[in-house]
2 protein chains.
Amino acid sequence: MKKQTTIYDIARKAKTSTATVSRVLSNSNYPVSNELKERIKEVAKELNYIPNMIGRQLKTNNSMTIGVIIPSITNPFYSSIVLGIEDIARSRGYHVLLCNSHRSSELEEEYLKTLFEKQVRGLIVSSISSNKELVEALVQKGLNVVAFDQTIEGLESSQIQFDFRKGGFLATEHLIEKGHRKIAFISSPLTRPSRLSIYEGYQQALEKYEIEVEREWIQIASREEEISERNYEFKNGIDLTKKLLQCSDLPTAIFVCNDMTAFGVMNELANQGIKVPQQMSVIGFDNIEFSQMMTPPLTTIQQPDYEMGRMACNLLLDQLDGEETKQVDIILQPKVVERQSTKVLDKVFLFK
Amino acid sequence: MKKQTTIYDIARKAKTSTATVSRVLSNSNYPVSNELKERIKEVAKELNYIPNMIGRQLKTNNSMTIGVIIPSITNPFYSSIVLGIEDIARSRGYHVLLCNSHRSSELEEEYLKTLFEKQVRGLIVSSISSNKELVEALVQKGLNVVAFDQTIEGLESSQIQFDFRKGGFLATEHLIEKGHRKIAFISSPLTRPSRLSIYEGYQQALEKYEIEVEREWIQIASREEEISERNYEFKNGIDLTKKLLQCSDLPTAIFVCNDMTAFGVMNELANQGIKVPQQMSVIGFDNIEFSQMMTPPLTTIQQPDYEMGRMACNLLLDQLDGEETKQVDIILQPKVVERQSTKVLDKVFLFK
DNA sequence: CTGTTAGCGCATTCAA
DNA sequence: TTGAATGCGCTAACAG
C-alpha cells in the first residue's frame, strides 16, 4: 500500500492547518469561512483524498461498526437474518463485521475476542457456546449485546427470543388436527436450547391429545457436525429418514426440527418412492425462502428471519445511540404456514 | 463504552515500560527476560487486558482485514463463495468485512469507498457496476483487488473468471443431445457480461446444430430489481414461465440462466400441471446446493462456488503477503451435472 | 535485555 | 474564524 494523502498534505497545499481541514472534511459544524472551506474541498478532491477511519477511530473511539456472529452463513435462515441486520445498519450509518462460527464454540470465542479487539460498538449474536463467561466479561467491559435465536440466560443485555416450544406444539397439533396419530420427530442434536424446546413442544402436544408414540419414531442425530460441513442438515435429514423407514410400523407424518433438514427428509422419501403428502405428511420449522420453492411446497412454522434481523439491529443501535442501556426482551410468536406437504390422513391409514 | 485497560496501565502496574509490555503481548520475538515476561502476562490477565487493534493498525498500517463485495447474500451461490473466502481468510489470520451491494451500483461504490476508508488490505469483488473508475482509482492507490464472477476488463488485478459462454453452450447442447429442438431460454436481464455470455453460448449451440427457435421462447426479464427484493429471481422465474406458456407452440425444454430462477420455473410448471421432466425438460446454471434438493433434482451447469471463494482469497492473500503484485487470470471451466430434470424427448413429441 | 521517545492520522482543546 | 498543540493506543527506532 502506497502512502496515502492525509489531512496534513491537504493543509499544506491549501495553506492552512490540519485542524481546519479536519473541521471541513469531517462535516463538523464548526465555523469555517466559506472561502477556505471551498479551497480545502477543492484540494481534497484534487489529491483524491480518502479519509483514514483508523485515525478517526483511535481519536473518537467510535468505530460505527457492529459485529454479528452466526453459526452458518450458508443456511438461508441466517443469511436472511444478516440481510435484515445489514439493511438497518446501513440505513443508520453503521457497518457490519460478519463472523461465521461454523457451529464451533472455540471459533465463536475467538471471533468474540477479535470483534472486541477491533473495537466494534456492539454485537448481535446467535451463541452456540454454553460457556457464556467471555460474553459476560465483554458486557462487563461495556460491550452492548443483543442475543437472538439462542438466548443467553441471565445475560445483562437485550434478547430477541422465539417461542420454540410453542412452535413445536403448533406443528404437532397441526398434524394431529389432520388426523395423524403416528407422528415421528426428526431432529439435529438437542444440544441447543431452541431445539430442546421444539422437542418439548412436540411432547406436550402428544400428551395433551393423549397420543403415544413409538420410540423409533423419534430420530435425533447424535453428533453435531462442526466446521465446513456444508449441507450437514440436508444429509442429516436423509440419514435419519433412512433409519426411520426401517421401523416395522411406519408413522404417517413427520415433524422435522428445521426446513433444511426437512428437505433431506423429503428427498429421501422421494428416493424411496414414498409420496408427500399422499403417503406421508411432512412439516418443517423456520419457513426459509426455499420452503415455498419445494415440490410440494413445505408446510412449516414461520420464524420471521428477516424481521428478526431488523429488530435485533434496531434494538442494538438504539442502545448505542441512546447511551441508555435499557434491556429489552422480546419473544416472537410462531405460526403455522400451511402449504402442500401435509394433508388430512386418508381413511385407508386410519383403519389400518 | 468504559475506559479499557491499555498497555500503559499494565506497564505501570508491572513497573516496566509500555515498550516492553508491547513486545511481550504482541508476541514479538524481541528478547525480554523470562521473569519480566511472566510478570507482564500475569498483570495483563489480572487486568483482563484485551488489545486495541485500532492503535496497532494506525501504527503498523496493517489491518489484517480484507473486504468482500457481493450482489446478494441470500443467494446461496454467493454465500457459498463467501464461505470459501472466509475459510481461507481465517486460516491465514485475516478477517473479512462483508458487503452486500444489493445489485446496486451506487451501494457498491459506497461500500468500495468505505472499505478503503477502513483500510482493508485487499478486496474481493463481484462488481455490478459498469463504471469501473472508482475501482481503478483505488487500485492505483495501492489496493489489491481480485475480481470474480463479473470480471472487470482492463483492470490491473487478478481475476477469477468462469467460461459462461461455454456453460451456456454445454447446457443447450445437453438438451439437443437429448433430442430437443424446441429449446426456450429464460433469463434475468442481460445487463451483466456473465449473463450475456450465457445467452451467446445458447445461440452458438443453436447455430451449430442449425436449430431455429421462436422469438417468444426467449424470455428475458426487462428490469433488474434492486435493493431488498429478496426472492427476486424466483419470482422472475415464475413470471417469465407464465409468459412462455402463453405461446401457441410450446417448447419441450427450457434453459434457465441460473438455478434460483430455475426454481421459479419449475414451481410455475408444477402449478400449471406440467410435469418435469416428462413434459418439459429444465436445465439450470450454477449448481447451488439446493439444486440437488429439488424434486426432481435439477440438471444444471456446475460453477464451483465454494472453491472459487477459496481460490480468490488465496490469490489475494498471496499478493498481500508476498508483496509482489503478479496478476493471475484464471478461467474456470463449466461442466454439466445431469440429474433428473432433463430427459430424452419422447417420440410423441418428436412426431408431433 | 530494557526504557525513552516519536509518531501513525485524526479530532479537539485552548489560545489567539 | 483560524492555528498550534495534544493525545487516542500502540509499535519501532534508538539509546543505554
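Every heavy atom of this structure was used, including side-chain atoms; hydrogens, water molecules and symmetry mates were not.
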Which nucleotide sits closest to the side chain of [X]: [options]?
X     : options               : result
A:S22 : D:dA12, C:dG9, C:dT12 : C:dT12
A:N52 : C:dC10, C:dT5, C:dG3  : C:dC10
B:L58 : C:dT13, C:dG9, C:dG3  : C:dG9

Length of the [atom1]-[atom2] vector between [X] and [N], whole Å:
X      : N      : atom1 : atom2 : value
A:R12  : D:dA4  : CZ    : C1'   : 17 Å
B:D9   : D:dG9  : CG    : P     : 9 Å
A:M53  : C:dA11 : CE    : C1'   : 12 Å
A:I50  : C:dG9  : CD1   : P     : 15 Å
A:Q57  : C:dT12 : CD    : P     : 14 Å
B:K59  : D:dG7  : NZ    : C1'   : 14 Å
B:M64  : D:dC10 : CE    : C1'   : 16 Å
A:E117 : D:dC8  : CD    : P     : 20 Å

B:F116 versus B:K141: any side-chain heavy-atom pair under 4.5 Å?
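The answer is yes; the side chains approach within 4.5 Å.
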Evaluate the side-chain proximity of B:L107 to A:R90: yes if any heavy-atom separation is below 4.5 Å, no if none is.
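Result yes, sub-4.5 Å side-chain heavy-atom pair found.
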Side chain to side chain contact (heavy atoms under 4.5 Å, CB included) between B:Y49 and B:Q4, intermediate numbers included:
CA-CA 8 Å; B:Y49 173 71; B:Q4 308 299 336; over 6 Å; no
Take B:T60 and A:R23, find for each the nucleotide of DNA chain C with the closest heavy atom, and name the residue whose nucleotide sits nearer the 5' end.
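By nearest-heavy-atom nucleotide position, the 5'-most residue is B:T60.
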More 5' along DNA chain C: B:T16 or A:A19, using each one's nearest nucleotide?
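Going by which nucleotide is closer to the 5' end, it is B:T16.
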With a 4.0 Å heavy-atom cut-off, tell me which residues in residues 30-40 of chain A come close to DNA chain D, sorted by residue number.
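Heavy-atom contacts with DNA chain D come from A:Y30, A:P31, A:V32, A:S33, A:L36.
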Assess, by modelled atom type and distance only, whether the side chains of B:E108 and B:S127 contain a donor and an acceptor separated by less than 3.5 Å.
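A donor-acceptor contact under 3.5 Å links the two side chains.
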When you check the phosphate oxygens OP1 and OP2 of [N], does a side-chain N or O of [X] lie under 4.0 Å from one of them?
X     : N     : value
B:T20 : C:dG3 : yes
B:K3  : D:dG9 : yes
A:R56 : C:dG9 : no
A:Y8  : D:dG3 : no
A:T6  : C:dG9 : no

To the closest 0.5 Å, what do you measure between CD1 (B:I128) and CG (B:D149)?
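These two atoms lie 8.0 Å from each other.
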Supply the atom-to-atom distance B:K118 NZ to A:M53 CE, rounded to the nearest 0.5 angstrom.
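That separation rounds to 8.0 Å.
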Within the 4.0 Å heavy-atom criterion, would you say A:S26 contacts the bases, only the backbone, or no part of the nucleic acid?
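Sugar-phosphate contact only - A:S26 comes under 4.0 Å of backbone atoms but never of a base.
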Would you classify A:I54 as touching base, sugar-phosphate or nothing, given that sugar-phosphate means primed atoms plus P, OP1 and OP2, and contacts are heavy atoms under 4.0 Å?
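The answer is nothing, as A:I54 stays clear of every strand by at least 4.0 Å.
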Please answer whether the main-chain N or O of A:T20 pairs with a side-chain N or O of A:S22 as donor and acceptor at a distance below 3.5 Å.
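Not a single qualifying donor-acceptor pair exists.
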Might you work through the salt bridge (charged side-chain N to carboxylate O under 4.0 Å, His left out) test for B:D305 and B:R310, ending with a clear yes or no?
CA-CA 9 Å; B:D305 43 17; B:R310 292 176 60 98; over 6 Å; no
